[in-house]
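FYI, side chains are in, hydrogens and waters are out, and symmetry mates aren't considered; it's all heavy atoms of this structure.
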Amino acid sequence: MDIIQLSWFQLSIAFISLLIPAAILGYYKTGLNSKMLIATVRMTLQLIFVGYYLEYLFELDNAWINLTWIMVMVIVADFATIDRSELSRKKELLIPVFAATFLGIVLINFFFLELVIQLPELLEAQYAIPITGMVLGNCLRSNVIGINDFYYSLKENRERFQFFLSCGASRSEALYPFFQTALKKSANPTLASMATIGLVSLPGMMTGQILSGSSPMTAIQYQIMIMLAIFSGTILSVYLAIKLCNRTVFFENDMLDESILKN
Amino acid sequence: MSSIPLLEGKNIHFQYGDEVIFDDFNFRIDKGDRVVLKGDSGSGKTTLFRLVLGFESLQHGDILFKGNSLKDPKTIRELRKNSAWLPQDLNIGTGSVNEVILFPFTFQAHKKSKPHQSKIKSTLLDLGLNPDEILQKSYSDLSTGQRQRVGLAISVMLNQPFILLDEPTSALDRESKSKAADLLLNQDERTVLSTSHDPFWVDRCDTVIDLSKRS
């Protein structure tokens, strides 16, 4: 079955659907219409840019260029994670979050591309770029939830943490309950979507594959794989990000350097 | 009086911003002392706890634990391994009361002294709590008085040689105060540093440091 090619004119019709949210958000004076406009323009331009870039990337299909692109995605995700977690852009955070995200992506990519899909070339653009993008996007969301919860909860419950230290806990023992809560909160959205996938929603990747002519069975196989990659990747990157940040954001007396927090 | 005090403050200076809390302040606490800090709100009672536990750093002067400076992180950790602190806000855990009580016993320093359920129950009973009613309750649902008793029970069961108690009897009735004092103050080897406005508790301590008169 051939896919129906969308013309730019057809795509522009799709933007008319925005009149509905614009009317609702405008009526209730949410102040979100300008944000919606900016987000829509950004989304469109970014995707057009990526579309052109990916066509070029797929044509070249050079492992080093693909790796460089992955690095760029991780760096953008790094800054976005710090900003959305409401933390300061300090090297004590930027470097560990970058290292954690990159390491998480490398391990997950290696496992799924090399051992599951068994690509002849590990960084083949057609597989490596979209799978990295999906895992990374979810890592970003989970990292934001986990890191924000961890450090802000530590600030709010400073005396609890200090109580544990005063009872002889090592720093990591005293941080254990905060870690536990942050992991739970960051894992929950992915777990919830795994539990309802297929029943409540058809995920974007699977829909895209079906629309572009893959059989539904092939599409679900890839979808199952990508859900596993996302879940493993997100937990690994949250764990690594907090662990690595903790090496740089505490003073010698085990107190958190609260200047890393924006609020 | 032993030659090396358990805790000694030498010419300590500490301020939050422009507000000077301690200026050239000295104190000495020996092993087995039962010290109570007195003073108005803002006189530095809780700050002194925080300095002793290494949560804040001095601007000048020094605090020594068994003769070693708390400027050295190793000394801070050594002190904390020998201490238990009951903070005034009593925000000391989440989950059930049983989980809150047992959590400190998951630390390497206390793994071997994890108490049996019978010990937990008898300690709670001593402090006027009904263990069958309270152990499975959520800690966050407890009243201030109940939280204080649970905190005191943890301090008793940890059995540390140095305990710091911030207003330990503020929410207790007369009978529970008496039991808490018996459990916490009647051990010769234990050093207690406390803050209190409660004459009952102050009378049971042997040394009073009045921070409002220090200048």
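- In this structure, the portion of I154(B) lying under 4.5 Å from any heavy atom of chain A is its side chain and not its backbone.
- Between chain A and the options E56(B), Q160(B), Q88(B), R77(B), heavy-atom pairs under 4.5 Å are most frequent for R77(B).
- In this pair, F178(A) and F150(A) present their aromatic rings perpendicular. The plane angle is above 60°, beyond the 30 to 60° band.
- Rounding to the nearest 0.5 Å places CD1 of I101(B) at 4.5 Å from CG of L124(B).
- Within the 4.5 Å cutoff, the side chain of D198(B) has heavy atoms near those of the K177(B) side chain.
- In terms of heavy-atom pairs under 4.5 angstrom with chain B, the leader among Q162(A), R158(A), M255(A), E173(A) is Q162(A).
- For Y176(A), the part lying near chain B is the side chain, with the backbone staying farther off; criterion is any non-hydrogen pair under 4.5 Å.
- Comparing S83(B), S155(B), A84(B), G151(B) by heavy-atom pairs within less than 4.5 Å of chain A, the highest count is held by S83(B).
- Under the 6.0 Å cut-off for aromatic ring centres, F55(B) and W85(B) qualify, their centroids lying closer than that.
- Between chain B and the residues T181(A), N157(A), N253(A), the most heavy-atom pairs under 4.5 angstrom are made by N253(A).
- Between A77(A) and L140(A) the shortest heavy-atom distance is O-CD1, 3.6 Å.
- Classification of the F22(B)-F25(B) ring pair by plane angle, with boundaries at 30° and 60°, yields parallel.
- I92(B) touches chain A through backbone and side chain together, each having a heavy atom under 4.5 Å away.
- Per-residue counts of heavy-atom pairs under 4.5 Å with chain A were compared for G95(B), P87(B), P104(B); the largest is that of P87(B).
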